[in-house]
Amino acid sequence: QVQLVESGGGLVQAGGSLRLSCAASGRTLRRYAMGWFRQAPGKEREFVAEISWSGDDTNYADSVKGRLTISRDNSENTVYLQMNSLKPEDTAVYYCAASLHRIPTVEAEYDVWGQGTQVTVSS
């Protein structure tokens, strides 16, 4: 099984930027699609972005299009989420997840999850 560890979260003012990383270890030879999700206090976990193994297909939630960008470096077994123009409503715990589907269509198609990293955007 693959293990995922997120990092890069922190406290930032509105309009600022952060870059989240998700490092994979274990059975990393498998060609996992990767996604980012987030969960704010008192709310359900929601989809943010995903990327196929090759990087040729990406999807974004409407709320983050143009501000957040997902990318990956398979040679380093790492997926990134570049977060620009951050807003207070982006405050959440951010999770990365892996899937053996080429590009998942529902959350249930993600099989492995990281522990999460906190992102707090102050106003």
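Hydrogens, waters and symmetry mates play no part in the numbers below; they use all other heavy atoms, side chains included. For the single chain, residues carry numbers from 1 onward in sequence order.
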Check: Ala33 main-chain N/O paired with Ser52 side-chain donor or acceptor under 3.5 Å: no
TODO: Could you tell me whether the side chain of Ser21 and the main chain of Ser7 form a donor-acceptor pair under 3.5 Å?
DONE: no
request  = Using the side chain to side chain contact (heavy atoms under 4.5 Å, CB included) rule, take Ser17 and Gln82 through it: C-alpha gap first, then chi angles, then the decisive distance, then the call.
outcome  = CA-CA 8 Å; Ser17 298; Gln82 179 65 48; 4.2 Å; yes
Step-by-step ring-ring contact (aromatic ring centres under 6.0 Å, His included) determination, Tyr60 to Phe47: CA-CA 8 Å; Tyr60 294 92; Phe47 168 79; 8.2 Å; no
### Query
Any sub-3.5 Å donor-acceptor pair from Glu6's side-chain atoms to Gly116's backbone N or O?
yes
*Kindly indicate whether a cation-pi arrangement holds for Arg19 with Tyr80, taking the cut-offs as under 6.0 Å to the six-membered ring centre and within 45° of the axis.*
yes
Would you say Gln3's side chain and Gln1's backbone share a donor-acceptor pair under 3.5 angstrom?
-> yes
Original post:
With a 4.0 Å cut-off, would you call Asp90 and Lys87 a salt bridge?
Top reply: no
| Which of parallel (below 30°), tilted (30 to 60°) and perpendicular (above 60°) describes Trp113 and Phe37? | tilted
Discussion item. Taking Gly9's backbone N and O only, do any of them form a donor-acceptor pair with Thr117's side chain (distance below 3.5 Å, no angle check)?
Written reply: yes
Would you say Asn74's side chain and Trp53's backbone share a donor-acceptor pair under 3.5 angstrom? yes
Apply side-chain hydrogen bond (donor to acceptor under 3.5 Å, both in side chains) to residues Gln118 and Tyr94 and explain how you reach the verdict. CA-CA 6 Å; Gln118 177 71 48; Tyr94 283 71; over 6 Å; no
For Asp57, the salt bridge (charged side-chain N to carboxylate O under 4.0 Å, His left out) test, sequence neighbours excluded, returns Arg102
- Task: Report the C-alpha distance between Thr78 and Asp73 in whole Å, list the side-chain angles of each, state the deciding distance to 0.1 Å, and finish with yes or no for side-chain hydrogen bond (donor to acceptor under 3.5 Å, both in side chains).
- Result: CA-CA 5 Å; Thr78 303; Asp73 185 341; over 6 Å; no
